[in-house]
Amino acid sequence: MITGSPRGTSDIFGQDIEYRNFIISKAKELFKIFNYREIITPAFEHTEVFDKSIGDSTDIVQKEMYTFLDKRGRSLTLRPEGTAPVVRAVIEHKMYAENLPLKLYYIENMFRYERPQKGRMREFWQLGVEAIGSGQAFIDAEVIWVLNALFEKLRFKNLKLLINSIGCTKCRKEYIQVLKNYLSPKKDKLCPDCQYRLEKNPLRIFDCKVDQCRQVIKDSPKIYSYICVDCRQHFNQVTDFLKTLGISFIIKEDLVRGFDYYTRTIFEIISEDLKSVQNALGGGGRYDKLIEQFGGPDIPSIGFAVGLERTYILMKQLKLNFVIGDNKKIALVILMDRSYQKYALSLIKFTRDNGYACDLSYEIKSIGSQIKWAEKNAYDFVIIIGEDEVKTDSCTIKDIKKFTQYKLSWKNEKEKIFKIFGS
Ligand code: AMP
């Protein structure tokens with residue numbers, strides 16, 4: 001017996017697939033309306049794509065990346081997030097030469113070596129958008145609008161949109177000095193990781209989950225109070241647009257998010273109903289300097305990512321049901337003798353060719369037990385083929401939900417089957 005799937009990974013099947021596809025289909029409808037185009041990037045990148053962007057003192061780069069050497073000794077990393085690969089691709093293919101802003105979306109699996117729990121996995125899926133090439137506050141509001149609209153479409157309630165500004169590279173530098181001055185006398189109370197962060201990148205202390213560090217950081221000066229006039233004006237414009245759009249938000253002055261590339265607006269959408277610690281469904285922010293930092297032109301950009309697993313965990317928990325597919329009826333063909341298979345085949349081919357889902361019951365058991373099986377497996381109709389049907393070139397259709405029954409001459413009136421399916 002081989003062992004199960006690696007810790008933190010999962011097989012996705014059954015109901016989860018239905019939920020997942022539903023979320024994706026709603027997201028794709030929205031992306032079309034907001035004019036986003038799909039991009040697919042490789043599952044692994046050169047390691048520098050991530051450590052140069054996410055930041056080498058972040059949890060992701062320090063502890064969570066799946067990094068390996070290939071057979072030629074090159075360092076590669078399974079993508080832990082979607083923004084850096086999209087930015088790499090935009091620069092590589094000079095996509096910025098087209099009209100800006102460039103609006104892209106992705107639906108991809110991510111890999112992070114985290115401690116697995118419900119809603120926190122080592123392989124998980126994210127759908128995300130990147131709006132590349134505009135520094136306008138309008139586009140911040142538009143990106144947040146897409147995120148909000150997605151959860152509205154999924155009929156979620158009790159969500160909170162948290163928003164903050166972490167300023168630009170200039171004002172952040174000044175704030176970091178203030179934070180350092182505040183934390184340095186308390187250094188001994190910080191965990192070893194945070195003591196290192198204090199030297200290297202004090203903002204990352206806000207990501208720490210250790211209780212004692214959280215206590216120390218709780219009353220520290222917050223970046224929101226230190227952003228410059230331009231950043232404040234930008235932030236005020238964003239919140240003004242959000243108010244116009246009727247999107248409620250909470251300003252969370254100590255929100256920083258665990259990526260170094262963020263500038264100005266950052267945001268997160270959390271659920272009061274996700275009782276676990278992992279209550280964030282999605283989040284994002286501006287990354288105005290990342291493209292330049294990767295060697296591309298100076299192009300401000302913004303994006304977000306939503307976790308698919310957490311979203312459908314919550315949908316299931318809230319019992320948010322939905323109608324799957326396009327409502328076409330599903331029929332099961334039941335044979336009373338295996339010798340009727342050939343007869344059944346032309347019937348099934350006709351219905352399937354016309355776009356109706358139709359299956360054959362492979363086991364020849366009693367009609368009663370086959371109908372029971374059809375009910376259990378959510379079929380709407382059974383089509384019975386017995387000696388009489390074959391002799392008279394017909395079929396008997398039973399609507400197992402409405403308990404009605406029809407007999408059709410297959411030769412002369414087979415189209416009528418679609419009327420029955422549509423009834
Ligand atoms: P992040 O890329 O860290 O900003 O995360 C964006 C969203 O992806 C989160 O709000 C979660 O919904 C999801 N996510 C992040 N990490 C994980 C994980 N380890 N397992 C499952 N979902 C995750």
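Every number for a ligand or one of its atoms is a count from 1 in the order of the listing.
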Minimum heavy-atom distance between L159 and L281, given as atom pair plus value: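 It is CD2-CD1, 3.7 Å.
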For [atom], which protein heavy atom lies nearest, and how many Å away is it?
atom: atom 19 (N) of ligand 1; result: E114 OE2, 2.5 Å
atom: atom 5 (O) of ligand 1; result: Q126 NE2, 3.4 Å
atom: atom 3 (O) of ligand 1; result: R112 NH1, 2.9 Å
atom: atom 20 (N) of ligand 1; result: M121 N, 2.8 Å

Look at atom 11 (C) of ligand 1 and find which of Q117, K118, E268, R310 reaches it with the closest heavy atom.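 Looking at heavy atoms only, the winner is R310.
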Whether K419 engages the ring of F421 as a cation-pi pair (distance to the six-membered ring centre under 6.0 angstrom, angle to the ring normal within 45°) should be assessed. no
So is R122 actually on top of Y113's ring, under 6.0 Å and inside 45° of the axis? yes
Does the pair E292/K289 count as a salt bridge with the N-to-O cut at 4.0 Å? yes
Quick one: do D273 and K157 make a salt bridge, cutoff under 4.0 Å?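 Here D273 does not pair with K157 in a salt bridge, since their nearest N and O are not under 4.0 Å apart.
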Is it the side chain, the backbone, both or neither of L281 that has a heavy atom closer than 4.0 Å to ligand 1?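 Near ligand 1, L281 shows its backbone, while the atoms from C-beta on stay back.
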Is [X] in polar range of ligand 1, meaning some N or O pair under 3.5 Å apart?
X: F259; result: no
X: A280; result: yes
X: F124; result: no

Ring geometry between F68 and F44 (parallel below 30°, tilted from 30 to 60°, perpendicular above 60°): perpendicular
